[in-house]
Undergrad: 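The following block contains the structure, expressed as structure tokens.
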Amino acid sequence: MYWCSDSPEPNVDDDGFFSDSCSQGHRSSLNLQTQQGGSICLVCFSNLISNPHSPTIHVSYALSQLSRSLSIPSFLHSLLTLHPHFLVSPLVTALSSFHDQPIAAQLTHLILALSASADPSLTREFVARVSGRVSSGSLAWTPPQLHMLHCLGALLNSEKDGDLHAHIKDMCSLVSVLVTGLQLPSEEIRGEVLFVLYRLSVLRSTSAEGDGSDMLIPFFPKLLYLLVDVLMKTQNDDVRLNCIALLTMLARRRLLREECAYDTSNMSSYGGGNSKETEDGTKGASLVNLFAEAIKGPLLSSDSQVQIGTLDLLFHYLSSVGTSGYQIRVLVEENIADYLFEILRLSEYKDPTVKMCLVVLDLLSTAEETFKLRLVVGISTLIPALHYVAEVPFHPVQCETLKLVYKCISECPGAVSTSQLEELVLVLIRMLRKHSDGEMGMIPETFIMACSIFVALIRSQSCNGALDMSKSIEEATKHAILVCFHASDRNTNLILQSLYLLKEAYAYSHDGNSINSSKLELRSCVLDICRTHLLPWLVIGINEMEEDIVLGLLETFHSILLLHSGINAMEFAETLISTGWFSFSYECLGLFTGERIKNRIYLLLSSLMDSLLGNDSGQPIREATLSLPPDPIDLLFLLGQRSTNSVDLPCCQSAILLIMYTSSLYDERLADEKLILASLEQYILLNRGDFHNWSTDDLTVMRLVNLYSLLRGLGNMSYQIHYSREAEEIIFQLIDNDEWDLLSAEIHRVSLKWLFQQEKIIESLCHQILKFCRSYNFEGADIIIRNNNQTRSVQILAELVSTDDNYGARIFICLLAQLFEEEGREHDIICVLNLMAIMVHACPDASDQLSLQGIAAIIRTWCYLNLSNTFSTTTYSSILILVFNILSSVHPETLSADQGWNAVTMKMIEYSFPPNKADILSHESLFVVGILSLVLHLSTKEALEETSKAILFNTYLISMVNTIVCGASIKGPALVDQDMGTSPGETLIFVLVLHYFAIKSLHAILPGFVDWQNFLVSTNPSEPQAFVGIHCHDLCRLLYFGSPVIKISASYSLLELFNRISDQINSKHEELKCNIGYLMSLRGILEGLIFYNDLTVATNCALCLSMLIGWEKLAKEAKLLGESSWCRLIIEEMTVSLAAPAIASQSFMNSQRPAVLIAIALLKSCKIPQWMRSVFNNSCISGILANLDAGDLSPEILVLFRELLISDFLSTEQISTINQMLQECRKRMHTNNAGEGLPNEPIKKVNAASYDKGDICEYLIGLMTSETNLDTVYWGFHMGSKKLLEEMELFFRTLTVNDDSSE
């Protein structure tokens, strides 16, 4: 067969064949040359391997030589070109003859090598011959048969030809033999059989002939049971892989679901039904039970390929269209789900195991009740798995994992522990956050499931129990909404799901402990999302939105309003109104004609009115929703009909009136005003009978009157309109009716103004105002307003009363006059008085109109009628409150000609103060003292001058002041305990306030009448005073010993007295009338208070001391007065503080103001103390300048620098530094527009219905502070109202003058 020539050049022809025959004389064309110079005779080779008795060593050698030669291209080419099929039969015969495994392996290798190298026909012939030998059964199940099966499987696995199965001549016999082989106990045979069946199935399914099932169906269900049995019993992973692969193919072809049909029609030998006879003759379980049992081993296999293949088999089996719920339930009952959870746990949450497990678990979850029990146990494994898949963008099983978690939470209450819930929430929030930030994508289904889980959590008992998830729900809701807004294409389902989550989150914030801070924050967050995102999006993008999205947004807003969460619902309702919600609603109705949208909009409007108007106000709209048209013009048409025309019409007209009324309150017009008025007048005229019979409910009448008044008022403002006088008379008749309350509900300002302009109905309006006053609740002197509608009505009333274009003030004065004339109306009087006080407080200008209409005369009438008789102190208290509010708000020019206040004031003094002298005044008396102080204050502005004179020279008041002051002065150190918390302290404070305004009034209305120096002279206490006044030494005692609030009041009074004394001395060039000892005692007290911790007291005392130092030149012993070590201490402390590094600031500079004022006074004195130059030395001034910044400058500091400049304390370098600092300060002020200064802080007004002494005292002291004249031109410094820029100009002017004089 193989010949090697010794000659270097053997006889070879042109085709590569030996020209000589082999040793057996076979044809030379069959003798092929090898690369080594030898040859192989194909005939000899065939004879050798075909003879089963040939020595195996020879056969093996021949096969190896041929195998080596096939690797030679020239040899292979010659063989395949001339004799391609020559070796087919010998090789197949040899494979079926030899039992030797190595020879079989060599033969199989040669067959595959030839098949791979030649054209497909050679492979087909091999397949045909090998399959024929196998199907013949002649080899039984000997080793050659196994070799043939292996070779057939290898041939069928070839990728060269996909039609190999077609060349198997007897497929049925082949499959029959293979099925028989499956029953053999040999693992090797089963493995080969399974692989051949698998390859046949694959080839058949990929061909054009069919799906690969027709050749196997005749052997079902026997084959199925055999396969399951093999899988159950084998421990060989290769066999498992082949079996799983075949079963997977069958599952893909939906053959595993045909068990029942096969059992009943083809398997009598297995006892029919769904069971089979086992080897011991007993009946076994159904195929699905056996299948479940069979896959348990492979599922737990250590071979990952086997495990993944089994999971894949399960997936295809479960996802088959025909897989019944029964089969899935059986698999769950057979604990397959438990195996999967265990695999998932042991997989360390890595793909592809995680993916396959979760997909199969999702399919098993369709066995609802059975699966729940397994899911409860497996949730602890699912949450870590979710954590893994959530970190992978677009992980294929994110949605399936979320579905399983959702099923557990929603269908198994209490199955998830608190710790698991917290972990789950963190994972979900992280998913949504990453998605909203664009860090990680997410398919819509996954997003929807994540939102659904949060909704399930919100509804679960765990979430509403001890676990507060408000913060987590808030964050999830935010991210869910942001996802929808940031998406390039807004998915309708995503938007609706996020809105659903938003609604549930808002509902959760009202469950349980709804006042919990975290729930309140959640509620605010939801409302903020609606205000800042959803509402603007809806309003702006309505034209481009789908109907479902619009409906979802409207439902969301509606659900918020339905929860009636008090102030939150009101705020959200007002937010909707601020966008023009009525107009927007009808715009929606014009764009979307569906009934769902129409009904939702009207229901939302009804809830909106419940929130805005209260008391279930939207009920008429709810009742008429189905009948209301979507067009405002159609609404007006219905309104203009007779109510009896239809059963539903009255309900519709009531709803239409409510819509028109409410929209008008917020200045929205749903149609032209003329058209609305015409329809309204037609409604009034056609239905007048109902009004006369009072068959129309009060709310409808109220809305009718308010709407009509608004339209008439708007017509008067903008254009002349034609109106029906008959309709107007009907409206006036309705107002005359006492059965309803015009002001009980919210009313538009224009409506009320038009009514207040109608002189015909003043009497009726008085009754309406009285009913409105009665609708308040009273507790003592404090008024509690019942609802916001009344609050707004009070504000509107106050605004109307404050103007002269209506009869508002006249109506109240007339009403009060009527009540004063009638007996038994005390309660009504109190109601009206308190309402008037509230109006004056709400709108101070109302006091002017009330005064012009004669409020003083009305109160005087009451005083003369009642103060001499027994009357209610509550009424008197209400009058005092009203008087105080009017006098604290009225403009002085309004009172200039009003003489009624004189009588009122005298009556109050007569009644409120006890006839005997008392050092403690009652609450009522203190209130009157406050009113007297206001009268005195007004007299300084040329009002109530005669009344002020009566107060100033009232002997009782003079005596009372003296008694109270003397009593307080003798208490000494005990006075410190008397403040606003004690009766003596309150009395003394009010007396000091009265004294302050008395001093100012005396100076204003009686200039030159008082010798102010008399206040410096100590007189006999028994001597009667001519007017109200307190001497300086008494004020100093109070200032020294008094409590903080007494110190403040006394310091202002003393400062005002010192101002008057200084003015008198300067204007008349008088000498001091007091002795030096008196001045020294005053000075000692004032110096000690310079360091007092209240800046106001310290500043006032510093100003007084500054004026006292200025009197030095008038004193007879000026030398004693000028020598004061205490002043030196004050100045030294100030300079050290100002020069301390890094301390200067605006607040610190203010604290040094009293000391700065003393320094200024000393520098301006006629003889500057010598120690001033040692204190203000060069280094000290330089230190102060180095520590100051341009922003720290104050007017007092500039005056100090100016006086130092005038007194030649400053060096040239220091002047230059100050100059630069002022330039920088001026630049800053111009840059910040600060040159005009800031307005003074307004004085806090007294509570409208308050009878509190503390409030009154605080107001009066604030008035003292604002009115105190701190601009003392004599001393050259400007404070308070004077501007910093003016002081800069004065400094520059002084500097210029000094420069000129030096030249």
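In what follows, residues are counted from 1 in the order of the sequence shown.
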Undergrad: Can you tell me how far apart CD (E571) and CG (D528) are? Round to the nearest 0.5 Å.
TA: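 It is 11.0 Å, given to the nearest 0.5 Å.
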
Undergrad: Once the angle between the rings of Y996 and Y1052 is folded into 0 to 90°, is it parallel (under 30°), tilted (30 to 60°) or perpendicular (over 60°)?
TA: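 Aromatic pair Y996/Y1052 classed perpendicular.
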
Undergrad: Less than 4.5 Å apart, side chain to side chain, heavy atoms only: is that true for L1039 and Y1092?
TA: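 Result no, sub-4.5 Å side-chain heavy-atom pair not found.
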
Undergrad: Roughly how far, to the nearest 0.5 Å, is the CD1 atom of I999 from the OG1 atom of T940?
TA: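 Going from OG1 on T940 over to CD1 on I999, the span is 13.0 Å.
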
Undergrad: Can you find a pair of side-chain heavy atoms, one from R1173 and one from F1209, that are under 4.5 Å apart?
TA: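 In contact.
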
Undergrad: Hey, does V929 have a side-chain heavy atom less than 4.5 Å from the side chain of L957?
TA: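 They are not in contact (no side-chain heavy atoms under 4.5 Å apart), so the answer is no.
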
Undergrad: The test is side-chain contact (heavy atoms from CB on, under 4.5 Å); show your working for I1261 and S1049 and say whether it passes.
TA: CA-CA 7 Å; I1261 290 177; S1049 304; 4.0 Å; yes

Undergrad: Quick one about E1070 and Q1064 (side-chain donor to acceptor, distance below 3.5 Å, no hydrogens or angles considered), yes or no?
TA: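 Result is yes, a qualifying pair exists.
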
Undergrad: Return the minimal non-hydrogen interatomic distance between N1187 and A1139, and the atom names on each side.
TA: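 It is ND2-C, 4.2 Å.
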
Undergrad: Just by distance, no angles: are the side chains of Q1220 and E1224 close enough, under 3.5 Å, to form a donor-acceptor pair?
TA: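 No.
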
Undergrad: Classify the ring geometry of H1033 against Y1078: parallel below 30°, tilted from 30° to 60°, perpendicular beyond 60°.
TA: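 Judged by the thresholds at 30° and 60°, the geometry between H1033 and Y1078 is perpendicular.
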
Undergrad: Can you tell whether the side chains of E1132 and R1128 come within less than 4.0 Å, N to carboxylate O?
TA: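 Answer for the salt bridge query: yes.
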
Undergrad: Find the distance between CD1 (I1130) and CZ (F1091) and round it off to the nearest 0.5 Å.
TA: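 Separation between the atoms: 5.0 Å.
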
Undergrad: Search all heavy atoms of H995 against all heavy atoms of G1029 and return the closest pair with its distance.
TA: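 Closest pair (atom of H995, atom of G1029, distance): CD2-CA, 3.5 Å.
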
Undergrad: Do you know the tightest heavy-atom contact between E945 and I1005?
TA: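 The answer is CG-CG2, 3.8 Å.
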
Undergrad: Can you tell if the side chain of S939 reaches within under 4.5 Å of the side chain of I951, non-hydrogen atoms only?
TA: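 The answer is no, as the side chains (C-beta and beyond) never meet within the 4.5 Å cut-off.
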
Undergrad: CG of N885 to CD1 of I931: how many Å apart, nearest 0.5 Å?
TA: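 Output value for this atom pair is 9.5 Å.
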
Undergrad: Can you check whether L1222 reaches L1198 side chain to side chain, under 4.5 Å on heavy atoms?
TA: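 Side-chain contact under 4.5 Å: yes.
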
Undergrad: Give a yes or no answer on whether the side chain of W1126 reaches the backbone of E1087 with a donor-acceptor pair at less than 3.5 Å.
TA: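 Yes: the side chain of W1126 pairs with the backbone of E1087.
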
Undergrad: Measuring from L975:CG to I970:CD1, what's the distance to the nearest 0.5 Å?
TA: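 One finds 10.5 Å between CG of L975 and CD1 of I970.
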
Undergrad: Can you check whether F1015 reaches L1035 side chain to side chain, under 4.5 Å on heavy atoms?
TA: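 Side chain of F1015 against side chain of L1035, heavy atoms only: no contact under 4.5 Å found.
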
Undergrad: Output the distance between atom CD1 (I881) and atom NE2 (H841), rounded to the nearest 0.5 Å.
TA: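 With rounding to 0.5 Å, CD1 (I881) is 11.5 Å from NE2 (H841).
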
Undergrad: Carefully, step by step, assess R1293 and E1289 under the rule salt bridge (charged side-chain N to carboxylate O under 4.0 Å, His left out).
TA: CA-CA 6 Å; R1293 195 178 307 158; E1289 294 301 327; 5.6 Å; no

Undergrad: Could you give me the CA-CA distance, side-chain angles and deciding distance for L934 and L1260, then say whether side-chain contact (heavy atoms from CB on, under 4.5 Å) is met?
TA: CA-CA 8 Å; L934 289 177; L1260 293 173; 4.0 Å; yes

Undergrad: Check whether S1106 reaches the backbone of A1161 with its side chain - one donor and one acceptor, N or O, closer than 3.5 Å.
TA: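 Here the side-chain-to-backbone pair does not exist.
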
Undergrad: Apply the test side-chain contact (heavy atoms from CB on, under 4.5 Å) to residues L932 and L994: give CA-CA distance (whole Å), side-chain angles for both, the deciding distance (0.1 Å), then the verdict.
TA: CA-CA 7 Å; L932 299 180; L994 178 67; 4.0 Å; yes

Undergrad: Between E1213 and S1211, do the side chains contain a donor N or O and an acceptor N or O under 3.5 Å apart?
TA: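 E1213 and S1211 do not have a side-chain donor-acceptor pair below 3.5 Å.
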
Undergrad: Please find the pair of heavy atoms, one from E799 and one from C843, that lie closest to each other, and give the distance.
TA: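 The answer is CA-SG, 4.2 Å.
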
Undergrad: Kindly determine whether L887 and L895 satisfy side-chain contact (heavy atoms from CB on, under 4.5 Å), including the steps that lead there.
TA: CA-CA 9 Å; L887 293 180; L895 301 174; 4.2 Å; yes

Undergrad: Would D848 and H891 count as having a side-chain donor-acceptor pair, cut-off 3.5 Å?
TA: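 Short answer, yes.
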
Undergrad: Looking only at heavy atoms, what is the nearest atom pair of F1176 and A1159, with distance?
TA: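 Answer, listing the atom of F1176 first, then A1159: CZ-CB, 4.3 Å.
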
Undergrad: Is there a side-chain contact between I1109 and K1164 (heavy atoms, below 4.5 Å)?
TA: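 The answer is no, as the side chains (C-beta and beyond) never meet within the 4.5 Å cut-off.
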
Undergrad: Ignoring hydrogens and geometry, is there a side-chain-to-backbone donor-acceptor pair from S1051 to C1101 under 3.5 Å?
TA: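 Absent.
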
Undergrad: Which residue in the set T1099, L1089, I1048 passes side-chain contact (heavy atoms from CB on, under 4.5 Å) when paired with D1094?
TA: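 Result for side-chain contact (heavy atoms from CB on, under 4.5 Å) with D1094: I1048.
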
Undergrad: For L1185 and M1221, which heavy atoms make the closest approach, and how far apart are they?
TA: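 For L1185 and M1221, the tightest heavy-atom pair comes out as O-CE, 3.7 Å.
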
Undergrad: Okay, side chain of S948, backbone of V935: is any donor-acceptor separation there less than 3.5 Å?
TA: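 At least one qualifying donor-acceptor pair exists.
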
Undergrad: Any side-chain heavy atom of E1203 sitting closer than 4.5 Å to one from L1162?
TA: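 No. Closest side-chain heavy atoms not under 4.5 Å.
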
